[in-house]
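Below: one structure, written as structure tokens.
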Amino acid sequence: TDLFGNAVAAGKGSPKPAAKSFAPAQDPIAEIINEGEAPPSLPAPRNITNTDHKYHLIQGEAIPSFVDQLMGQTEICFDTETNNLDANDAELVGMSFSFIPGEAYYVPTPADQAETQKILLQFAGLFNNPSIKWVGQNLKYDMLVLKWYGYELKGSWFDTMLAHYVIEPDGKRSMDMLSTQFLGYDPVPIEDLIGKKGKSQGNMRDVEIEKIKDYAAEDADITLQLKHALQPLLSSKVVEKVFYEVENPLLAVLTDMEYEGIKVDVNFLNDYSLELDKDAKRSEESVYAQAGLRFNLASPKQLGEVLFEKLQLDPKAKKTKTGQYATGEDVLSKLAHQNKIVEDILAFRELTKLKSTYVDSLPLLRNRKTGRVHTSYAQAVAVTGRLSSNNPNLQNIPVRTERGREIRKAFIPRDENHVLLSADYSQIELRIVAAISGDPAMCEAFQQGKDIHTATAARVYNVEEKDVVKEMRYKAKSVNFGIIYGQGAFGLADNLGISRTEAKEIIDNYKKQFSGIQRYMDDTVNFAREHGYVQTLVGRKRWLRDINSSNFTVRGFAERNAINSPIQGTAADMIKLAMVKIHQVFKENKFRSKMILQVHDELVFDAVKEEVDIVKPIILECMRQALPLPNNVPVEAEIGSGTNWLEAH
DNA sequence: ATCACACGC
DNA sequence: GCGTGTGAT
């Protein structure tokens, strides 16, 4: 079903003018899309024991002539071995190189870091050679390791992980999987060297060099072969643009951002932790007093039994799919008015969440060299094209509630000569909906610089904009969210806690007022049914194998994906293009200010105070111009500065 | 390992 | 809709 709770019609006869941005001139034919897939992963017959290979160990006096040989290549596959998965805290154990399939070289580097630096110095000319194309699997990792030793790869890049990401965004893409799938070859498992993962897992530094040589050289060899297998698919699937213009360049931008990290105010967090602990304990005790018994309030299972069996708070309490009572925030909120205990439970939940996930863990995740936190961006995880962030996740720092927002005060500039800048897109996803649907009312609202939720409410409730009251705006905002998520009428009712009847009424009005949106949703789903994929403005594709499923639920999910992915994905493309541009302009102008965070529609900078007035308009201009939208829908971005992230916002 | 929950966009 | 982290089981 679509937003309006209707089944999406198959061939409504609409000739799909509105969705034409998604059916570009070079509209690929369905057959092309599905060819070139390797057969599903049967156990691969080939491995290092039964396959010809020439893997060489290079050390000492052999290095100079080896480097000379590499200098003559145009394309080199490169891989590092280290003693840590965290590239910001890793020592180089060795490097492997390959430029001919079946042949590779391993150069070990010793624990003595001064010695390692001497070896790297011999490779300086190679790393700086601008005419070399560096091939690798997850090159960001290797580039980050090298950056800590003071080196960059100055030529161009081809990351096989990113290539596979744009070819098959929802696939698995560890090197082992790719090798099995595309080369029919099973690489040496890492467990053979350092043991099974867990606390007993060893360290690459302690493995004998001959063993590492085979493993590491094979990695470079395989990755080079993967490049040759994947490159033609970029072309046959028509995803070269998003690969070469977005993902591949972004890799170097993210490397620099992860290297910088952001400073956190540990004293502030420690103080705040005590405060949260005190208040959480107070709420907890209050709950036990009201319940008349003590239990583990952090256990949803126990809490559900107390609320709905002992206290009988709701005779028709909802259950989760595993048969427990549901005690999520939405469920409890509906009971909050009549039951003081529920307020205390919600307070406890909020406070313990803030404490454990953010306040107590951030200080522990500081890098030992920099004292800063260096998030890691996953560039090939989110199926829509977004980045994700982990260790720590800096894309879900609280902002909604007062006490959560407080945590943003802990993110601070690196020193007194810097401030934080935060630049964010305004309503970017809705602007994209307006632009690609071409809905006249919504496009016009943006062209006139209106508050989109108020403008929506005015139309849906048929009143003047000045007469839109809070509740009308709030509900209209929820409908707009529903569109972005391809959510059904059920979802809206659920979301707003209103009846299905009222939800349907709001939706019927919306449908009349914004008929172009309805048409976009129909056209997009129909396009997906016909072609098996949907795509963004930049040509990032997502294949939807379930779009023609006979199972109502499964198909419905695919239909929501069809509607949501081009929107979320286009927004992702836009900010990624902006990041590449900003990075380039900063470099050209030799600015010392650094881009340090991305939060989907926001960029954060650690800016040198004297540069603030120069970089602010540059950042905004790059963001606004990154990806012009059709139908004259303007793209707006705002920027602020401050001595912490909250203030900058 | 999986689930429920809660945080973000 | 898309993610990640935590604590419980």
Side-chain angles (χ1 to χ4, degrees), chain A residues 2-3 169-170 197-198 295-305 318-333 345-362 364-365 375-401 403-405 407-408 424-430 432-433 480-488 491 495 521 524 534 536 542 544 556-572 574-575 597-604 645 649:
Chain A
D2 64 15
L3 174 74
D170 49 3
K197 67 176 167 193
F295 58 100
N296 186 353
L297 184 49
S299 160
K301 185 158 180 282
Q302 293 180 37
L303 174 64
E305 284 159 11
K318 273 200 308 182
K319 299 268 186 87
T320 66
K321 64 176 177 181
T322 54
Q324 288 185 42
Y325 291 106
T327 66
E329 206 254 348
D330 52 333
V331 174
L332 295 190
S333 292
I345 295 166
L346 289 171
F348 174 84
R349 284 253 175 94
E350 182 189 1
L351 300 173
T352 52
K353 168 78 175 178
L354 296 177
K355 183 172 182 297
S356 67
T357 306
Y358 305 103
V359 178
D360 289 349
S361 61
L362 279 169
L364 303 177
L365 289 164
T375 189
S376 176
Y377 289 103
Q379 204 184 341
V381 167
V383 288
T384 52
R386 275 190 178 177
L387 298 177
S388 74
S389 156
N390 59 37
N391 298 306
N393 183 350
L394 296 184
Q395 290 182 322
N396 73 344
I397 301 302
V399 70
R400 212 179 74 253
T401 67
R403 308 198 70 175
R405 213 159 29 238
I407 294 170
R408 297 199 166 216
D424 65 308
Y425 283 113
S426 147
Q427 299 294 347
I428 191 58
E429 292 194 341
L430 277 177
I432 289 166
V433 171
N480 282 331
F481 262 90
I483 291 163
I484 293 169
Y485 299 155
Q487 165 195 273
N495 224 315
M521 297 196 295
T524 303
V534 291
T536 67
R542 180 176 181 184
L544 297 162
F557 193 66
E559 287 168 356
R560 288 192 289 281
N561 290 155
I563 293 166
N564 170 256
S565 295
I567 301 165
Q568 195 179 106
T570 299
M574 185 184 291
I575 195 164
L597 299 179
Q598 190 253 42
V599 193
H600 309 305
D601 65 353
E602 174 189 10
L603 296 173
V604 177
W645 196 359
H649 218 279

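So that the names make sense, note that chain A is the first sequence line, chain B the second, and so on, each numbered from 1.
Contact annotation for A:T327: backbone-only contact, meaning every heavy-atom pair under 4.0 Å involves sugar-phosphate atoms and none involves a base. A:I397 comes within contact range of the sugar-phosphate backbone alone, with a heavy-atom separation under 4.0 Å but no base atom that close. Nucleic acid contact for A:S361: sugar-phosphate only, since backbone atoms but no base atoms lie under 4.0 Å from a heavy atom of the residue. A:Y425 comes within 4.0 angstrom of no nucleic acid atom, judged by non-hydrogen atoms across all strands. Counting any heavy atom pair closer than 4.0 Å across all strands shown, A:A571 reaches no nucleic acid atom. Contacts of A:E429 with the nucleic acid, taken as non-hydrogen atoms under 4.0 Å apart, are absent. At the heavy-atom level, A:E329 lies under 4.0 Å from the strands shown only through sugar-phosphate atoms. Residue A:R542 is in sugar-phosphate contact alone, with no base atom involved, counting any heavy-atom pair closer than 4.0 Å across all strands shown.
The listed nucleotides are B:dC9, C:dG1, B:dC5; the one nearest the side chain of A:F557 is C:dG1. When each of B:dA4, C:dG5, B:dC7 is scored by its nearest atom to the side-chain atoms of A:N391, the top-ranked nucleotide is C:dG5. Of the candidates C:dT4, B:dA6, B:dC9, the closest approach to any side-chain atom of A:K353 belongs to B:dA6. In the set C:dG3, C:dA8, C:dG1, the nucleotide with an atom closest to the side chain of A:N296 is C:dA8. Residue A:N393 places its side chain closer to C:dG5 than to any other of B:dA4, C:dG5, B:dC7. Candidate nucleotides B:dC9, C:dA8, B:dC7 were compared by shortest atom distance to the side chain of A:A298, and C:dA8 ranks first.
The OH atom of A:Y325 sits 22 Å away from the P atom of C:dA8 (whole-angstrom rounding). To the nearest angstrom, C1' of C:dC2 lies 16 Å from OH of A:Y377. In this structure, A:M574 places its CE atom 18 Å from P of B:dC9, rounding to the nearest Å.
The phosphate of C:dC2 (OP1 or OP2) has a side-chain N or O of A:N561 nearer than 4.0 angstrom. Contact check, A:T320 against B:dA4: a side-chain N or O comes under 4.0 Å of OP1 or OP2.
In this structure, the side chain of A:Y425 does not engage the main chain of A:A571 through any donor-acceptor pair within 3.5 Å. Looking only at distances, no side-chain donor or acceptor of A:R386 sits under 3.5 Å from a matching main-chain atom of A:H600.
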